J.: 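Shown below is the structure under consideration.
In this chain, residues are counted from 1 in sequence order. Note that the structure is a prediction, hence the values are computed from the model and not measured.
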Amino acid sequence: MGSHARPNRIHRTGVRIAMVALVGAALPISAGGLAQAATPGATHSADENDQQGSGATATAGQKQDQDTQRQSQSAQAAPHAVKGKAADAQDAKNQAAPQIKADHAFLLDARDGSQERELWGGAKADESVSMASTTKIMTAIVVLKHPEWLNRPIAVKQEYRDYVQKVGGSTADLQTGDTLTVEQLLHAMLIPSGDDAAMALADNLGSGDTTDARIADFVNQMNAEAQQLGLLGTHFDGFDGISHGNNLSTARDLAKLGQRAMLQPVFADIVKNKQFKTEALAANGHIRYYTWDNTNKLLSSYDGALGIKTGSGPEAGYALVFAAERDNRTLVGAILKDDNDQGRFDDATKMLDWGFAH
């Protein structure tokens, strides 16, 4: 990826997608303007848009026939879907524990937020293992300890883009010279899991005379917060989950960390977004538009899902910290070292179904 974005070009790193477009004249960015720019939608590649366009060229008669057929199919499928959910709920209620593959798993009932109740822990819920990008939950918590920082502008350095390329990390595709607020960078870090955004936050909000010193100070703050929260099986050696050999946590600790993070309204508001759009002032005075898609598939597949954070890596496998609300109950869970991408979401679904049935 070069240092300048092409209009309307979609950049991909792994399964993460970030879209940027540079148009128009310079406009100031305010907190109100950010809220207005954040409109949910769907990002498609050019091929997907072309397919949608061709599908829209059906005649009125064909469209009516298709609508009638879809309505008939929906009417037939609805009772089966209801029965299927009811059967799943009954199965979950009859189980003594969630029937999942992951051993590194933990589920708690967040109750009113001031306390939590353990619901279930897997065989290895207290084993410290690599946690990948779920690390960014703590990065966000440290930032949010200073709400006065949220509107602080930060300029994107080429160093942040170079870092992502060097480590092969996930990216929000931040463009060199663009200026974003801390709150925008939190979106860029938590939704598409941007390592570039995480580095920008650590570099600018840590103390020290050099980038390395500021990042080291920020990571020290992360570890101090872990100790204060009683996360005894957790240690951070970086700001984004790219481990240097000692970036570890347990499923129990991460569930508790997720529960604490969801007490922060800004955090909870960010992680529930399936997609987020915003604008930033570019170095040439124009406005750049960013679109970020959430890596958390549970937001689209589970009724009541509240989000939180995904993670993955060669050592960590697939991780997920998740939360959902149903019948005035909020459950928070964590899964580490799942063996495939979809498996963590399937396991989380079974854990939540079981938890809500108990």
J.: More than 12 heavy atoms of other residues, nucleotides or ligands under 6.0 Å from CG of Asp209: yes or no?
T.: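 For Asp209, atom CG is not crowded (no more than 12 foreign heavy atoms under 6.0 Å).
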J.: Taking atom types as modelled and ignoring hydrogens, do the side chains of Asn223 and Gln227 form a donor-acceptor contact shorter than 3.5 angstrom?
T.: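 On atom types as modelled, these side chains do not qualify, holding no pair under 3.5 Å.
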J.: Let me check something: any side-chain donor-acceptor pairs from residues 196-205 under 3.5 Å, sequence neighbours excluded? List them with distances.
T.:
| from | atom 1 | to | atom 2 | distance (Å) |
| --- | --- | --- | --- | --- |
| Asp196 | OD1 | Ala172 | N | 3.1 |
| Asp196 | OD2 | Thr171 | OG1 | 2.9 |
| Asp196 | OD2 | Ala172 | N | 3.4 |
| Asp196 | OD2 | Asp173 | N | 3.2 |
| Asp196 | OD2 | Leu174 | N | 3.1 |
| Asp203 | OD1 | Arg214 | NE | 2.9 |
| Asp203 | OD1 | Arg214 | NH2 | 3.1 |
| Asp203 | OD2 | Lys157 | NZ | 2.9 |
| Asp203 | OD2 | Tyr160 | OH | 2.6 |
| Asn204 | ND2 | Tyr160 | OH | 3.1 |
| Asn204 | ND2 | Ala200 | O | 2.8 |

J.: Is any side-chain heavy atom of Asp269 less than 4.5 Å from a side-chain heavy atom of Lys272?
T.: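 Side-chain contact under 4.5 Å: yes.
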J.: Taking the side chain as every heavy atom from C-beta outward, state whether Thr310 and Phe345 have any pair of such atoms under 4.5 Å apart.
T.: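 Yes - at least one pair of side-chain heavy atoms lies under 4.5 Å apart.
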J.: Using the rule that Ile, Leu, Val, Met, Phe, Trp and Tyr join whenever any side-chain heavy atoms are under 4.5 Å apart, tell me whether Met189 and Ile242 fall into a single cluster.
T.: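 Linked, Met189 and Ile242 end up in one cluster.
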J.: Under a 4.5 Å cut-off applied to non-hydrogen side-chain atoms, are Asp195 and Lys136 in contact?
T.: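 Heavy-atom side-chain distance check passes, below 4.5 Å.
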J.: Would you say Trp354 and Ile100 make side-chain contact, with heavy atoms under 4.5 Å?
T.: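 With C-beta onward as the side chain, the pair stays apart.
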J.: If we only count heavy atoms from C-beta on, is the Ser193 to Lys309 side-chain gap below 4.5 Å?
T.: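 Side chain of Ser193 against side chain of Lys309, heavy atoms only: contact under 4.5 Å found.
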J.: For the NZ atom on Lys297, are there more than 12 heavy atoms of other groups (residues, nucleotides or ligands in this structure) within a distance under 6.0 Å?
T.: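 Yes, NZ of Lys297 has more than 12 neighbouring heavy atoms, counting only those of other groups under 6.0 Å.
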J.: Should Tyr318 and Val271 be regarded as members of a common hydrophobic cluster, given that ILVMFWY residues are connected when their side-chain heavy atoms come within less than 4.5 Å of each other, either directly or indirectly?
T.: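 Different hydrophobic clusters.
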J.: So His146 and Val182, do their side chains get closer than 4.5 Å, heavy atoms only?
T.: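 No - every pair of side-chain heavy atoms lies 4.5 Å or more apart.
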J.: Flag the pair Ile191 / Ile270 as yes when at least one side-chain heavy-atom distance between them is below 4.5 Å, and no otherwise.
T.: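 When only atoms from C-beta onward are counted, Ile270 and Ile191 do touch, with a gap below 4.5 Å.
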J.: Report yes or no: does Asn247 contribute a side-chain atom to a donor-acceptor pair with the main-chain N or O of Asp237 at less than 3.5 Å?
T.: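 Yes, the answer is positive, given that a donor and an acceptor are paired below the 3.5 Å cut-off.
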J.: Side-chain contact, heavy-atom cut-off 4.5 Å: Leu186 with Leu144?
T.: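 In short, these two side chains touch, coming nearer than 4.5 Å.
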